[in-house]
Structures are given as C-alpha cells and as structure tokens.
Number of protein chains: 2
Amino acid sequence: MAAAVGGGRAVPRYLQIAEDIVQQIRTGSLKPGDQVPSEADMAERYGVSGGTVRKAMLEIRASGLVDTRHGKGSYVKARPPVRHRSSDRFRRSLRQGGKAAYLAESEQSGATAKVSVIHIGPIEAPDGIAQRLGVDVGTQVLTRRRLYFRNGTPVETATSYLPWDVVRDIPELFAEFVETLQARPAAKAEATELTLSPGAPVVHLVREAVTEEGRVVEVCDTLMAADQFVFEFRIQATD
Amino acid sequence: MAAAVGGGRAVPRYLQIAEDIVQQIRTGSLKPGDQVPSEADMAERYGVSGGTVRKAMLEIRASGLVDTRHGKGSYVKARPPVRHRSSDRFRRSLRQGGKAAYLAESEQSGATAKVSVIHIGPIEAPDGIAQRLGVDVGTQVLTRRRLYFRNGTPVETATSYLPWDVVRDIPELFAEFVETLQARPAAKAEATELTLSPGAPVVHLVREAVTEEGRVVEVCDTLMAADQFVFEFRIQATD
DNA sequence: TAGTGGTCTAGACCACCGG
DNA sequence: CGGTGGTCTAGACCACTAA
C-alpha cells in the first residue's frame with residue numbers, strides 16, 4: 001500500500017508508538033521485568049507495518065529503559081538507574097587495591113557487585129598508553145583486564161597498565177590522579193561485552209596515577225555503560 | 001524480492017557499507033566538508049535497497065563523523081573532534097565572568113567561539129534546582145540561559161540559577177565547585193537545539209558553586225554534545 | 001524543478017530462544 | 001517446533017533544499 005500517512009502528520013507514527021510504550025513504562029503500566037509487547041503484537045495493535053514498529057523499538061531502546069534479547073523479546077530493565085561514582089574513591093584509605101574500593105563503593109549503594117579478572121600478564125605497551133606512561137612503544141608493561149558486574153549485569157570494563165619497575169616496588173605514593181572522560185556511542189564489540197543496545201552511549205574514562213615526582217606510574221582505561229553512572233567531582237577553587 | 005543474503009553472512013551488509021564509508025573518512029578519501037554519497041548513489045553502488053543503505057547511514061551518523069541535513073545531503077564534519085574541558089577553568093583568575101572563561105578557553109584551542117544569551121530574568125526555581133540551592137520550590141531566582149557555539153555550530157546550552165541575595169552581593173568567593181556529570185542519549189528537542197542526530201549522546205553536567213560557609217550560591221545546568229568535549233579532572237590524593 | 005533525506009508498506013528469509 | 005528479533009527488498013509518497 002502506498003505511503004504513510006493521511007495528510008499533514010506532525011509527529012511520525014513510529015515516534016508516537018515509542019512514546020506510548022515509554023510512557024507505559026514510566027507510569028508503571030509496564031513494570032520492571034515485564035515483557036514489552038512483541039514487534040508482531042505492536043504491528044497489529046497499532047495497525048502499522050513491521051518496519052515502522054521496528055523503528056519505534058529503536059527509539060524505545062535509545063531511552064535506556066528496556067533490554068532486548070534476540071529470539072526472546074524485550075523486557076523492562078530492572079536496573080536502578082545509576083550509581084554515583086564520586087571522586088571520593090581516591091581517598092588513600094579506600095585504595096587498598098582497586099577491587100576492594102569498587103566493592104565497597106558499590107555495596108554502599110545497596111547493589112550486588114562482582115569483579116572478574118579477564119586477563120593479567122605482560123604485554124607490549126600500545127601507542128597511547130606508552131605515551132601516557134612515558135615509555136617507548138613496545139615496552140613490556142603489566143596489564144590487568146577486569147569486568148565489573150552490578151546486579152549480575154556487566155557495567156564496566158577496566159584495563160590497567162603498569163611499568164615493570166613499578167610492579168616491583170608498589171609505591172602507593174600517588175600524589176595526584178588525572179582523569180580524562182569522554183562519552184560516545186558504543187562500538188559493536190563494546191555493546192556486546194556490556195550487553196548494551198548498539199549505539200547506546202558509553203563513557204570512556206582514562207585515569208593516570210601520578211607520583212609526587214610527577215611520574216605516571218599507572219594508566220587505567222575503563223569503559224562504562226553510561227546509564228549506570230553519575231560522576232561527581234569536587235574541585236577546590238584556586239587562584 | 002526475497003530476502004537477504006545467500007548463506008551464512010557474518011557481518012550484515014549495512015554494517016559493511018557503514019564501515020566502508022567511515023574508513024573513507026578516516027583515511028581521508030572523504031575530506032572534511034565533502035559530501036558523503038547520497039543514499040540513492042550508495043544503493044546503486046553497493047547494489048542494495050534503500051532501506052539497507054538507510055540503516056548504514058544511521059551507523060555512519062552514530063560514528064559522529066558526519067552531519068546530515070534533510071534535503072541537502074550528508075557532509076563530513078569539519079569539527080576537529082573535541083575540545084578539552086579542563087578543571088583548570090575553575091581558576092579564579094579565569095573566572096571574570098563565565099563568558100570570558102569560555103571564550104578564552106575555546107580560542108586557546110584555535111576555534112571560533114560565540115556565546116548567545118537566549119534568556120535572562122527571574123523565574124520560580126524548579127524542583128531539582130531549588131533543592132540544590134537550599135531554597136523552597138517556587139522561590140524566585142535569577143536564571144540565565146545561554147547557547148554556546150564553536151565554529152558556527154551550537155555545542156552546549158547552559159542555564160544558571162542564582163538566588164536574589166547572591167545577585168545583589170556577587171560574592172566571587174567560591175571555595176569549591178561540585179560537578180555531577182552524566183551521559184545519555186539526546187531527547188528529540190535537545191538533539192534539535194544542538195543540531196545532533198537523534199539519539200546521539202549528550203553530556204549533562206550540573207555545577208554547584210559553594211562558598212566557604214558551605215552555601216550553594218549558584219547552580220549551572222549545562223548540556224553538551226558529547227562528541228565535542230573531553231573532560232579532564234585532576235584530583236589530589238587525600239587520606 | 002530535480003535531488004536529497006524521512007517515513008512507511010507488505011512482504012521475505014535468517015538466527016536465536018525456549019519448550 | 002513456534003515465537004521472537006534481525007536483515008533485506010522494491011517499491012511509494014512526503015518534506016526540505018537549492019537552482
């Protein structure tokens with residue numbers, strides 16, 4: 001049948017449908033864990049074709065309120081929206097190993113947390129990392145790759161890089177941390193690892209640990225599901 | 001004609017096409033300002049239908065490398081990807097009015113900057129803002145809404161809220177700033193205001209200015225195109 | 001007016017999931 | 001196996017832009 005639409009439609013049909021479903025979630029008609037109507041259902045109910053309903057589902061996914069699994073359906077997320085990631089985590093007393101800090105911080109907010117170490121071992125420093133550590137590209141460094149879970153779903157990957165001499169000494173005399181943070185859409189592989197819808201935003205955070213002598217002794221590269229975190233920074237005014 | 005695909009295709013056609021175009025941009029075959037091939041072109045060139053090429057374009061837009069205008073076409077962004085937004089901006093010496101700070105910071109990185117004031121005047125404090133300022137909901141506060149441009153395109157909106165007694169005194173004795181930062185997909189209206197593709201990530205940053213007495217005297221609510229900013233924070237280690 | 005992107009249809013086959 | 005989402009087609013009409 002011919003296109004779309006009788007006359008001057010302001011809001012496209014697929015957005016109307018998406019808005020309808022999102023409202024049902026926000027108002028609680030659809031509760032956490034509930035299955036969102038299947039695409040076939042919606043096509044019939046709203047009297048539109050599959051393509052249109054599909055586009056609506058893309059919008060709904062972009063809202064971050066549902067979880068879609070191929071062959072099963074879409075479900076309203078249980079995830080409590082976000083967790084605070086405060087700069088407080090840099091207090092030395094909380095840094096008895098990064099793992100403990102995460103667990104403490106996470107459970108403080110009433111969620112189950114888990115950390116799994118994917119990989120640990122020596123590697124040749126990749127370009128950007130070598131630069132940050134102030135060593136030559138290809139220098140051997142120790143890496144540790146971790147996956148962080150919250151309430152059973154992965155929310156963060158972290159890869160840290162340490163030069164060998166630092167590993168031997170383990171200074172724990174960091175004077176300063178420099179964090180750079182950028183948000184962007186997830187690449188395909190990243191979306192898979194964090195079980196996100198493709199294109200969902202992720203936050204890429206790189207933390208450098210700097211000693212009192214000004215040497216960068218650790219670089220930690222982390223990727224987070226954006227909807228799982230609120231970042232908080234306290235900054236002292238200076239002259 | 002019937003579907004898709006002979007046999008076991010690993011990577012979907014639309015992703016292959018998107019990847020091809022993105023590579024052409026990254027390698028420089030398509031230069032900043034160049035027009036990306038039209039959808040009709042691509043459909044013919046790659047031998048796929050319009051729907052498929054459309055999906056590819058969605059992926060390409062998600063990469064943030066391209067700017068699409070209805071009725072005109074898609075063009076490779078001129079935007080040098082990002083601008084550093086460093087916590088240095090809190091140095092008092094740079095805070096002779098927020099506008100000056102932005103212009104200085106921006107032009108330092110070799111871009112043209114412009115700030116336009118959309119609105120300035122009294123308003124009843126909305127819920128979240130009143131809470132942060134420690135006043136009752138509905139209290140009159142001064143708001144100032146600004147749109148920030150970089151190289152001619154809007155990249156940031158900022159709305160600041162100040163209680164009236166602060167406006168009178170203008171303390172400039174901030175002791176601390178607290179920033180909370182969250183990334184999420186842009187809502188439709190936000191995407192329009194910042195000329196983003198719908199669903200492109202934005203960063204929502206709220207900055208509170210705190211006096212030495214611990215009073216919050218200003219709340220600034222800003223929304224930024226995520227692909228335009230890298231945030232940098234330096235944090236002193238404490239015990 | 002011609003060319004572009006934006007919305008929509010009515011179908012098809014595939015890949016995945018669960019019983 | 002039936003139901004679900006994922007990919008794809010070959011068209012249609014609409015809305016915007018620029019010459």
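In what follows, every chain begins at residue 1, and chains take the letters A, B, ... in the order their sequences are listed.
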Worksheet, complete the sentence: Quick note, A:R13 side chain, CB onward, closest among D:dT7, D:dC8, C:dC8 is C:dC8
Practice prompt. Using the ring of A:Y46 (Phe, Tyr or Trp, six-membered ring only), decide whether A:R13 places NZ or CZ under 6.0 Å from its centre and within 45 degrees of its axis.
Written response: no
Worksheet item: Quick one: which of D:dT7, C:dC8, D:dC8 gets closest to the side chain of B:K55?
Response: D:dT7
Worksheet entry | B:T52 side-chain N/O to D:dT9 phosphate OP1/OP2 under 4.0 Å | yes
Fill in: A:E59 CD - C:dC8 P separation (whole Å)
11 Å
Discussion item. Out of the candidates A:T52, A:I60, A:V53, only one should pair with A:Y14 under the side chain to side chain contact (heavy atoms under 4.5 Å, CB included) rule; please name it.
Written reply: A:T52
Worksheet entry | salt bridge (Lys or Arg N to Asp or Glu O under 4.0 Å) contacts touching residues 31-43 of chain A (sequence neighbours left out) | A:E39-A:R54
Practice prompt. In whole angstrom, give the distance that lies between atom CG of A:L58 and atom P of C:dC8.
Written response: 13 Å
Protein-nucleic acid N or O pairs under 3.5 Å, nucleotides 1-5 of chain D:
from  : atom 1 : to    : atom 2 : distance (Å)
D:dG3 : N2     : A:G71 : O      : 2.7
D:dG5 : OP2    : A:E39 : N      : 2.8
D:dG5 : N2     : A:H70 : NE2    : 3.1
D:dG5 : N3     : A:H70 : NE2    : 3.2

Discussion item. Could you report the tightest heavy-atom contact between B:Q35 and B:L30, atom names first, then the distance?
Written reply: O-CD2, 4.1 Å
Worksheet item: For the pair made of CG in B:D67 and P in D:dC16, what is the distance, rounded to whole Å?
Response: 18 Å
Discussion item. The criterion is side chain to side chain donor-acceptor pair (under 3.5 Å); which residues satisfy it with B:E124, sequence neighbours excluded?
Written reply: none
Discussion item. Would you say CD of B:Q23 has more than 12 non-hydrogen atoms from neighbouring residues, nucleotides or ligands within 6.0 angstrom?
Written reply: yes
Fill in: Spacing of B:L15 atom CG relative to D:dC8 atom C1', expressed in whole Å
13 Å
Item to complete: For B:R145, check side chain to side chain donor-acceptor pair (under 3.5 Å) against everything at least two apart and list the hits.
Response: B:T159, B:E193
Worksheet entry | Base-pair map of DNA chain D as dot-bracket, where | denotes pairing with a different strand and pairs are Watson-Crick or G-U under 3.5 Å | |.||||||||||||||||.
Worksheet item: Which residues pass the side chain to side chain donor-acceptor pair (under 3.5 Å) test with A:Q140, sequence neighbours left out?
Response: none
Worksheet entry | B:E44 CD - C:dG5 C1' separation (whole Å) | 17 Å
Worksheet, complete the sentence: From the list B:L133, B:V219, B:L162, side chain to side chain contact (heavy atoms under 4.5 Å, CB included) partner of B:V141 resolves to B:L133
